[in-house]
Structures are given as C-alpha cells and as structure tokens.
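Notes follow once the structure below has been shown.
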Number of protein chains: 2
Amino acid sequence: MSRTQRSQLRPPRPGIRGRGIPEATVARLPLYLRALHALAERGVATVSSEELAAAAGVNSAKLRKDLSHLGSYGTRGVGYEVQYLVYQISRELGLTQDWAVAIVGIGNLGRALAHYGGFASRGFRIAALLDAAPGVVGQTIAGITVEPIDDLERVIKEQGVSIAVLATPAGPAQLVCDRLVAAGVTSVLNFAPVVLSVAEGVHVRKVDLSIELQILAFHEQRKSGGTVMDAERLVRELDAVDAVDAVDATEAAGEAAEAAEAMEGMRQ
Amino acid sequence: MSRTQRSQLRPPRPGIRGRGIPEATVARLPLYLRALHALAERGVATVSSEELAAAAGVNSAKLRKDLSHLGSYGTRGVGYEVQYLVYQISRELGLTQDWAVAIVGIGNLGRALAHYGGFASRGFRIAALLDAAPGVVGQTIAGITVEPIDDLERVIKEQGVSIAVLATPAGPAQLVCDRLVAAGVTSVLNFAPVVLSVAEGVHVRKVDLSIELQILAFHEQRKSGGTVMDAERLVRELDAVDAVDAVDATEAAGEAAEAAEAMEGMRQ
DNA sequence: CCGACTTTGTGCGTACGTTCACAAAGGCGT
DNA sequence: ACGCCTTTGTGAACGTACGCACAAAGTCGG
Ligand SMILES: NC(=O)c1ccc[n+]([C@@H]2O[C@H](COP(=O)([O-])OP(=O)(O)OC[C@H]3O[C@@H](n4cnc5c(N)ncnc54)[C@H](O)[C@@H]3O)[C@@H](O)[C@H]2O)c1
Ligand SMILES: NC(=O)c1ccc[n+]([C@@H]2O[C@H](COP(=O)([O-])OP(=O)(O)OC[C@H]3O[C@@H](n4cnc5c(N)ncnc54)[C@H](O)[C@@H]3O)[C@@H](O)[C@H]2O)c1
C-alpha cells in the first residue's frame, strides 16, 4: 500500500548513545535519593537493590536498570555504597550546585511554599518572592522581603534565578510566565490551573491538585459503582454481546460495565 | 441508535478491557474538562478536536483517541458539542456526585488547601479538617473547625469521607494513613515526602514539590553550559559526535550531551 | 585458592502510550 | 440530489516502559 516505506523516510534517531537518561528514570532518581539519605542517616553504609527498591517503593529490577543509566556503580554480591550513590545521583540531578529559585504570587500557596524548609535542604535556595498586591509587597516572609512584580526582570537577573515557582491566579499566569522567561528563567514549576505555552528549551512542570483529586474520584467511582470491576462478569457480557450481534453491539460492549446507556437519554 | 452504526467489519471486541480507560487518558480528562469549561464560559457551543487539543496543550490525535474511549460523542465534519462533552467527561470522572474530602495536618500547606476555592467548584466538598496540635485544634479555617486527630475515625465515618488529603509531616504520615484507611478512606492524596504503603484497593497519589524541583534541576543542568538550548544545533552536534565517535568531541557538544562521559573519568 | 553464595547488570518478551495518516461520516452549499 | 469539504474515529507503526529471569561478576568463609 501507499503507507509503508515510512521507516526509510526518517533517518533513524535511536537512543542518543546511552547518554540520554529516560524521563521516567529521572523522575524516580529523587525518590532513590531520599531513601538513600534516610539510610545514610541511620548509618547504613551499603544497600542492595532489593532493599533500596523496597524503601523507594519500586521494583528492584527497575531500580537496577535506572541506576545502570548512570553507570556501573554497584558491586555484585554486595550492593551499592550509600554515600557514593548519593553523590552520583545528586550530581546527575544537578544538586551539587545551588539553584536560585523565585516564587511569584505570594498568596495562600506561595506563602506555604516560602515557609517550607524542605527545599533549602536539597540545594534550592529561595532567592526572591514576588507579588503584585500592594498589601503583600514589602512583607517579610521566612526572612525574605516580598518584592513588587514590576521589579521582576531586575530581581531575576540580580539573583541569577533560573527556576521559578508560579503561584499566581490562573489569569495572569501566562503573562507572568512570559516575563519570567524573557528575564532568563528556563524552568517553571506551575501551580496555576492553566496550560502554559513557552518557547522551546524552557521546561514547565505543573502541579495541579484539582486534577489529582479528579483522578482519585475516577477510581473512587469505579470502586463504589458495583463490585470491584468483576472481570468475569465483564467477559460474560462481552461474549453475550458477541453471540447476539445485536444492532448496537459496539456500543453495548463499550459500555458493558455500566448503564451509561441510560444516561444517553439524559442528554439535553 | 441515532448516533452511529459503526463498520461491521470489526468484531466488537476491543479486548477484555471493554470498559477500562487507560490511566494516561484518565489523567488527561480533567485537562480537557477545564478547557471545555473555559470554552463554555465564552459561549462556544461546538469545538473541533484540533481546537480543544490546542487549548489543552496536547496532540489532536491523542485527544480524539482519548475521547473515543468514552464513546462516540463527536460529529464528523463538525466537532464536539461542548456542553454534552462536559457532561460525559464529568460523568466518567465521577464528578456528577459530591465527594467528601478530609484534610489531615493543618499546617502551612493544609491551611492553604483549606482556603483554596478551586476544589468545591469541582465537586469536592471539604468535609473535615484534622490536626494533632492543641493550638490548631478548635481553630476555624475557611468556615470549618479543626477537629482533633483522636476523633479521626468518628469524623471520617460521620462525614462519609472516602478521599483524604494528607498534609502532615513525613514522620506520622504512614500511621495517619493507616488510620484513615482503617476508618474507610480509599483514596489518599499525599503531600508528605514518604512512600506510603496501603492495602490493595486503596489509591494513593502523591504530590512532591521537592521531586518536581529536582527534575527541573536535572534539565536545567543539561541546558547550562550552552546558551538557550537550540534543538537544531544540538542534533547537528550529536550527529557529529556519532560520526566521529571519538572521545574528544567538540567542546560545545561535550557540554550539552557528553558531560557525563567526562564525569565518568572523575569517578574514584 | 576454591567453591558456594549473593547480587548486579541486562537481554528479552510484553504491555502501554503516542503519533501518523486516511477511510468513512456527515454537514452544507448549490 | 449530489458532490465538496471538514472532521472524526481508528488501524497500524513506532517508541518507551516494565519486569522476569539469568549469566556474569564479585564476595567471603574455609
Ligand atoms: N491554595 C491552594 O491550595 C491551591 C490549590 C490548587 C491550585 N492552586 C492554584 O495556585 C495558585 C495560587 O493559589 P493561592 O491560593 O495562593 O491564591 P491566592 O489568591 O491566595 O494568591 C495569589 C497571589 O498572587 C498574587 N498575584 C496576582 N496577580 C499577580 C501578578 N500578576 N503578578 C504577581 N502576583 C500576582 C496575588 O496578589 C496573591 O497574593 C492559583 O492559581 C490557584 O488556582 C492553589
Ligand atoms: N509547605 C510546603 O510548601 C510543602 C512543600 C512540599 C512538601 N510539603 C510537605 O507537606 C507536609 C506538610 O507541610 P507543612 O509545611 O504544612 O508542615 P507544617 O509543619 O506546617 O504542618 C504540619 C501539620 O501537621 C500537624 N500534625 C503533626 N502530626 C500530626 C498527626 N500525627 N496527625 C495530625 N496532624 C499532625 C501539625 O500539627 C501541623 O499543623 C509535610 O510533610 C511537608 O514535607 C510541604
């Protein structure tokens, strides 16, 4: 058919020769790091992949594969040296240097973040707080004076901020983000419930509590809606549908587990 | 039915997961929902997958596939009816009913969450606040009185709480979680930097701001050394490296992609 | 120095997720 | 009534992630 030879069209760009660490792995490294810190504090010198994986709540094979992306840092028959591994992961994550972080939007959330001590201990220094409200600007929070948003560009540059936390309302978020990026910020942690669009090369991660709750609600509904997704029953119904081959077979199959059909009538 | 009469070619058997919606899709539905709400507020009646995808910041094919898991709710040549889609997604996510949510640990973060209005508007009713500190218990926050942690079981049951937000320090988190689950909670949104272990059937989602920052730092480190990460340039240089396959790649390439290689030598 | 034992690092099969591309569906103008 | 144009829904290719299972590598007691 006409659709085939695509594989030749694109010069294959396979894995960039080992250097690129999978995103999924990167997301787990902080987890390992935390577990390792806890072990180090307890004076543990050496840990096996099995133990560390248990502490981090992951499969041990996955942990080993993750670590193998950083290099061969384990000793067969023994495990990993805790201190050494802490250092290697820290280095890989860029935590051996200090990062200046700015928080923009010092409301309920921004305030809580500013007070939180868990950042400094990981190499993130809160270098500036910014807000637009006259009542907020000038306040001192956790030892830092809130600066006016008009000074954004100056503050970002003076402090060498490259990572910003965005905690303004949704409305001004994109605008503020644009200014941050223009001022030199290249990573944004966004709490505002909006999809930010940024230039290529700028990294945005979002934290959206509403979304998390909605995902939980989805699963919650599954649980309460009848018994726990009875697989047997579902199969039986699908088979029944196959046998009958009724008019709306597809739809019935699609909605087998529930009476969405009834809802259909509710529309409008 | 009025809607469709899909091709008879394919036996209606998408697999044993007739009703199972992929987790990745579930995670995006709230995003679509938010975009749809915004459209509805602007009075838009109909939207194409292309437009909606842009608003949600995803690929349009992905959006269509996601929606196709809910049913065939679009009209070819036209798009999706906004109101109808809002209803269908809401129903799928279980947002047509009200969920009673408890927040445990009313410190910096718990307080911010309690004050946040964005939950109620999505069908999440904050039904209880719980804390252990005598100074906090009895306070009224956002119209709700903080109850003592000793009353956890009673409160959870009285209010019919099935979703809890855990915002205590890391130390007591697992213990509190166990009590919550024992009292009937089956979904937990965890802010404490610990890996919670729960019985099967209980859903835990975690929000960890430190981890998010560390992931950003990782990417930030990759960028620094060059100016603004120019994707084209990077690819060109990587190709060069591949071709040469030598230890001494260009300096710029070394910084961008081969940094870890050099570090490799530093070990020991 | 050896052989038993432990644990790593990874090949491989499988499952899941993403994206492309297009036939089929349906509206709409004429 | 018809053909054009837009857009959906989905098959298929591709890519990424996961976890099992095991050979290789190393430790350690004797
Ligand atoms: N508080 C929560 O628990 C929570 C939960 C989920 C999401 N969020 C989101 O996080 C963001 C912040 O929430 P919040 O509860 O702190 O809101 P908030 O209203 O308490 O605080 C917002 C702060 O941003 C400031 N601000 C407004 N416009 C600004 C601008 N242009 N530049 C700089 N600062 C500006 C305001 O002065 C205010 O201090 C919101 O987008 C909210 O939707 C908050
Ligand atoms: N504040 C932040 O920005 C932030 C950021 C990332 C992570 N976190 C995490 O979120 C959690 C809460 O952070 P926070 O800043 O609000 O801390 P916090 O110390 O301000 O508040 C913790 C609250 O939990 C209460 N508490 C302690 N033990 C309890 C128990 N056994 N039962 C019930 N309540 C108990 C305390 O009385 C206190 O009110 C912590 O685990 C923290 O690591 C917070």
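Sequence lines set the chain letters: A, B, ... in the order given, protein chains first and strands last, and positions in each chain run from 1.
Across all their heavy atoms, B:Val194 and B:Ala173 have their closest contact at CG2-CB, 3.7 Å.
Among the nucleotides C:dG9, D:dG19, D:dT27, the one closest to any side-chain atom of A:Asn59 is D:dG19. Side chain of B:Ser49, nearest nucleotide from D:dT8, C:dT7, D:dT27: D:dT8. Side chain of B:Arg76, nearest nucleotide from D:dT7, C:dA21, C:dG17: D:dT7. If you check D:dA17, C:dG9, D:dG9 against the side chain of A:Tyr80, the one that comes closest is C:dG9. Listed nucleotides: D:dC18, C:dT19, D:dT8. Nearest to the side chain of B:Lys65: C:dT19. For B:Ala24, taking side-chain heavy atoms from C-beta onward, the closest of the listed nucleotides C:dG17, D:dA17, D:dT27 is C:dG17.
With B:Glu50 contributing its side chain and B:Ser60 its backbone, the two residues share no donor-acceptor pair below 3.5 Å.
Here the C1' atom of nucleotide C:dG27 and the CD atom of B:Glu81 are 15 Å apart, to the nearest Å. Distance A:Glu23 CD to D:dC18 P: 12 Å, rounded to the nearest Å. Here C:dT8 presents its P atom at 17 Å from NZ of A:Lys62, a figure rounded to the nearest Å. Rounded to whole Å, atom C1' of D:dG19 lies 12 Å from atom CG of A:Asp66. Put simply, CZ on A:Arg64 is 10 Å from C1' on D:dC20, counting in whole angstrom units. Note: OH (B:Tyr73) to C1' (C:dA25) measures 18 Å, nearest angstrom. Between the CG atom of B:Leu52 and the P atom of D:dT6 there is a distance of 20 Å, given to the nearest Å. When rounded to the nearest whole Å, the span between CG of B:Leu63 and P of D:dT10 equals 14 Å.
When heavy atoms are screened at a 4.0 angstrom cut-off, B:Ala61 is found touching base atoms of the nucleic acid.
No hydrogens or angles considered: nothing links the side chains of B:Gln83 and B:Tyr87 as a donor-acceptor pair under 3.5 Å. Side-chain contact, B:Ser49 with B:Arg64: a donor N or O sits under 3.5 Å from an acceptor N or O.
Rounded to the nearest 0.5 Å, atoms CD (A:Glu23) and CD1 (B:Ile215) are 6.5 Å apart.
For A:Thr75, no side-chain nitrogen or oxygen approaches OP1 or OP2 of D:dG26 to under 4.0 Å.
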